[in-house]
Amino acid sequence: MNVVELDTETLRRYDSDYLWHPFTQMSEWEGAENIIITRGEGSYIIDSDGNRYLDGVAAIWTNVHGHCKKEINDAIKEQVDRLEHATLLGLSNDRAALLAKRLIDIAPPGLAKVFYSDNGSTAVEIGVKMAFQYQQQTGKTEKKKFIRFDNAYHGDTVGSMSVGGIAIYHEVYAPLLFPTIMAPSPYCYRCPLSPEGDCTKCGLLCLKELERLMEKHAHELAGLVIEPSVQGAGGMIVQPPGFVKGVRELCDRFDVLMIADEVAVGFGRTGAMFACGKEGVTPDIMAISKGISAGYLPLAATLTTRKVYDAFWGEYSALKTFFHGHTFTGNPIACAAALASLDIFENERLLEQLPEKIDYIQDRLQRLMELPHVGDVRQEGMIGGIELVRDRHTREPYPWEERVGVRVIMEARKHGLFLRPLGNVIVVFPPLSISMDELTILMDGIEASIRSVTE
C-alpha cells in the first residue's frame, strides 16, 4: 500500500500511535489535528489535504535551493543507479573524494582535510575528539578541557551537549557530561556584563571576560567551541562585529584550538559561504552539516588544518590513528546531492542574489520594532530573530507557560506559513532561493501574527 495515498485521518492516527517526535511534548501532540506533509515545491511544503505552507524555517535550517530542486533530484536518481553505498573503511568512492576537494576549495583558507559524518552533532563531537587527541599527541597532555559559551547549542550527543550552554536542553543530562569552562555569550539585549545592552558602548566586555578565562585556564585548555556569527538555538543571538576575530586571536595567543560550528550558518546563510570568512578567520577545526546537502540527506563533515591532521600521522604501531567512524560516512548518494547543490550555487550565482533579500529582511525587522511587544530584532544575512517581551521598557519576558512564541507560529498557519519558535523568539530562516514576492508574504504573515497574538 502506498502511504502517500492514505487519507489524512489515517495518517494522523498512525503518527499519533507510532511516532515519537523530537523536542515535542507528546501528550499535547497525540490526537491533535497535526499537519502531515506529503510534498514539497520550491519554498512551499504541501500537506495531505493539499494545503500549502511557505517554509519559513527551511526544513529546520537545512533547505537552500527550495524543495524538490530538479537538478538535485536528478543527481540523486543517477547516483542510486550507479552506487548506493560503499564504506570508507578500507575503500573510497568517487563522490566522497570529489566533494572533499570541492569543500576545501570553498572553505576558509588553511583548512585542508575532510572527515565525514552524518549530522551536526556528530560533526561537532568529532571536532572535540580531534582537538583532545591532538593535544595528547603533541605532548600537551594537561590540555583536556574545553571552553563553551552560554546560550550555545551544538547538538544532542553527549559530547556535543557537554560543550552546549542551554539549560532547558542540557541540564537534565548534567551527570553524563564532561566538565567544561563556560564563557558569557555576546547576547547584547540581555547582557549579564553590561546593562546598557549596547556592544558599541561596553567595548565587548564578553570578549574581555573570555580573555580572562583563557589566561587563567590556558594550561588546561584543549579547545574552544563557537557558533560563529549567530548562536542559533539560543535565540538567533547575533555576535557583534569583531567578536569572531577576537576569539581567533585569543585562541592563537593561548594555544587553544578553535572549533567553529558552522552547521547552521554555513553555505550562504550569513550572506557569505561560511560565517568565519566574513571576518577573515580560519578555525583549526570546522563542523558543517544542514545546508551541505541542501536539506536533502543526512551528511556532515569536520574540516581541519594540516597542523591538526599531521598530529595523527605516524607508524601503525604508534596508535595515533583517529579511532572514529560512522557506518554511512561519505555516503555517495548524500555526496552526490551536495555536489549538485554546489553546482547550483555556482550556476545560479546564488550568493550574488542574497544582498537584496538581506536588505529587505533588515528593513522589515526594523519596522517590527514599532510593535509594543517586540523587544529586540536580530539579523545576520538570511537569519532573523524577533524577541517578544511582555514589557519592552523593562525587557520583561513573557512567562514560558504563556507559550507566546507557539501561539504566534500557530497563528501564522492561518497566513499560509510554517514557522518554529525558540521560546519567545520568532525565527526567520527561509530557503536562500526564496523569491522577493515570497519573502514579502513571509514577513507580512509574521507581522500580522505577532500583532494578533500580542495586541
Side-chain angles (χ1 to χ4, degrees), residues 56-65 103 106-109 111 120 123-124 149 151-154 185-188 199 225-248 258-283 286-295 300-301 303 341-342 344-346 348-366 376-386 422 425 427-434 439 442-443:
V57 291
I60 303 302
W61 316 352
T62 64
N63 194 283
V64 175
H65 309 295
L103 289 174
I106 63 174
L111 292 172
V124 171
F149 286 94
N151 299 306
Y153 176 85
H154 299 289
S185 69
Y187 188 177
C188 295
C199 61
V225 188
I226 182 174
E227 299 161 89
S229 289
V230 182
Q231 288 185 303
M236 299 301 161
I237 299 169
V238 175
Q239 296 156 7
F243 185 80
V244 175
K245 187 174 182 179
V247 169
R248 173 72 273 184
M258 179 181 179
I259 304 169
D261 175 358
E262 292 240 12
V263 170
V265 296
F267 296 96
R269 182 52 59 177
T270 64
M273 185 58 80
F274 295 106
C276 283
K278 298 187 77 171
E279 294 200 4
V281 165
T282 296
M286 186 170 82
I288 54 177
S289 189
K290 290 191 183 293
I292 189 174
S293 66
L303 281 58
S341 174
L342 292 179
I344 296 168
F345 265 103
E346 293 180 6
E348 299 187 3
R349 305 177 77 162
L350 184 58
L351 294 181
E352 296 176 26
Q353 299 176 29
L354 296 183
E356 181 184 10
K357 300 174 186 179
I358 292 169
D359 289 345
Y360 179 77
I361 293 173
Q362 181 182 43
D363 178 65
R364 292 300 301 267
L365 288 175
Q366 290 303 315
D376 189 34
V377 295
R378 303 183 278 271
Q379 182 200 13
E380 182 68 29
M382 294 291 288
I383 300 172
I386 306 157
L422 292 164
V425 177
V427 173
V428 182
F429 212 106
L432 300 187
S433 60
I434 191 170
L439 204 49
L442 175 63
M443 299 308 297

Query raised in the report: Is there a side-chain contact between Ile288 and Leu103, using heavy atoms and a 4.5 Å cut-off?
Result: yes
Query - Glu356 atom CD, over 12 foreign heavy atoms within 6.0 Å - result: no
Query raised in the report: Does the side-chain contact (heavy atoms from CB on, under 4.5 Å) test come out yes or no for Ile344 and Val64, once each step is laid out?
Result: CA-CA 10 Å; Ile344 296 168; Val64 175; over 6 Å; no
Query - Spatial distance of atom CD1 (Ile237) from atom CD (Glu380) [nearest 0.5 Å] - result: 13.5 Å
Query raised in the report: OG/Ser293 to CG/Leu342 distance, rounded to the nearest 0.5 angstrom?
Result: 10.5 Å
Query raised in the report: What distance do Ile292 atom CD1 and Ser341 atom OG have between them, rounded to the nearest 0.5 Å?
Result: 9.0 Å
Query raised in the report: Under 4.5 Å between any side-chain heavy atoms of Arg364 and Leu442, yes or no?
Result: no
Requested in this report: Determine the minimum heavy-atom distance between Pro108 and Thr282, stating which atoms define it.
Outcome: CB-OG1, 3.6 Å
Report summary line: Here the gap from Ile226 atom CD1 to Ile259 atom CD1, rounded to the nearest 0.5 Å, amounts to 11.5 Å
Query raised in the report: Taking the side chain as C-beta and beyond, is there a heavy-atom pair between Tyr153 and Leu422 under 4.5 Å?
Result: no
Query raised in the report: Can you tell me how far the OG1 atom of Thr270 sits from the NZ atom of Lys278, to the nearest 0.5 Å?
Result: 4.5 Å
Query raised in the report: Would you call Ile434 and Met382 a side-chain contact if the rule is heavy atoms closer than 4.5 Å?
Result: yes
Requested in this report: State whether the side chain of Glu227 and the backbone N or O of His154 hold a donor-acceptor pair below 3.5 Å, judged by distance alone.
Outcome: no
Query raised in the report: Minimum heavy-atom separation for Ala275 to Val265, with atom names?
Result: CB-CG2, 3.7 Å
Requested in this report: Say whether, by atom type as modelled, one donor and one acceptor occur between the side chain of Arg378 and the main chain of Gly385 under 3.5 angstrom.
Outcome: no
Query raised in the report: What's the spacing between Gln366 CD and Asp363 CG if we round to 0.5 Å?
Result: 8.5 Å
Query raised in the report: Is there a side-chain contact between Ile60 and Lys290 (heavy atoms, below 4.5 Å)?
Result: yes
Query raised in the report: Of all heavy-atom pairs between Leu351 and Gly271, which one has the smallest distance, and what is that distance?
Result: CD2-O, 4.1 Å
Query raised in the report: Got a donor-acceptor contact below 3.5 angstrom from the Gln231 side chain to the Pro186 backbone?
Result: no
Report summary line: Between Pro283 and Val281, the two heavy atoms sitting closest are CD-O, 3.8 Å
Query raised in the report: Under the 3.5 angstrom rule, does the side chain of Lys357 hit a backbone N or O of Leu439 as a donor-acceptor pair?
Result: no
Report summary line: Between Phe274 and Gly266 the two heavy atoms that sit nearest each other are CD2-CA, 3.9 Å
Query raised in the report: Between Phe267 and Phe345, how do the two ring planes meet: parallel, tilted or perpendicular, split at 30° and 60°?
Result: tilted
Query - Option passing side-chain contact (heavy atoms from CB on, under 4.5 Å) with Met236 (candidates Val428, Val230, Val377, Asp376) - result: Val230
Query raised in the report: For the side chain of Gln362 and the backbone of Gln379, is there at least one donor-acceptor N/O pair under 3.5 Å apart?
Result: no
Query raised in the report: Are the charged groups of Arg248 and Glu279 less than 4.0 angstrom apart, N to O?
Result: no
Query raised in the report: Which heavy atom of Leu365 sits nearest a heavy atom of Met443, and at what distance?
Result: CD2-CE, 4.1 Å
Query raised in the report: Quick check: does any side chain N or O of Glu262 sit under 3.5 Å from a backbone N or O of Pro228, one acting as donor and the other as acceptor?
Result: no
Query raised in the report: Between the main-chain N or O of Phe149 and the side-chain N or O of Ser185, is there a donor-acceptor pair closer than 3.5 Å?
Result: no
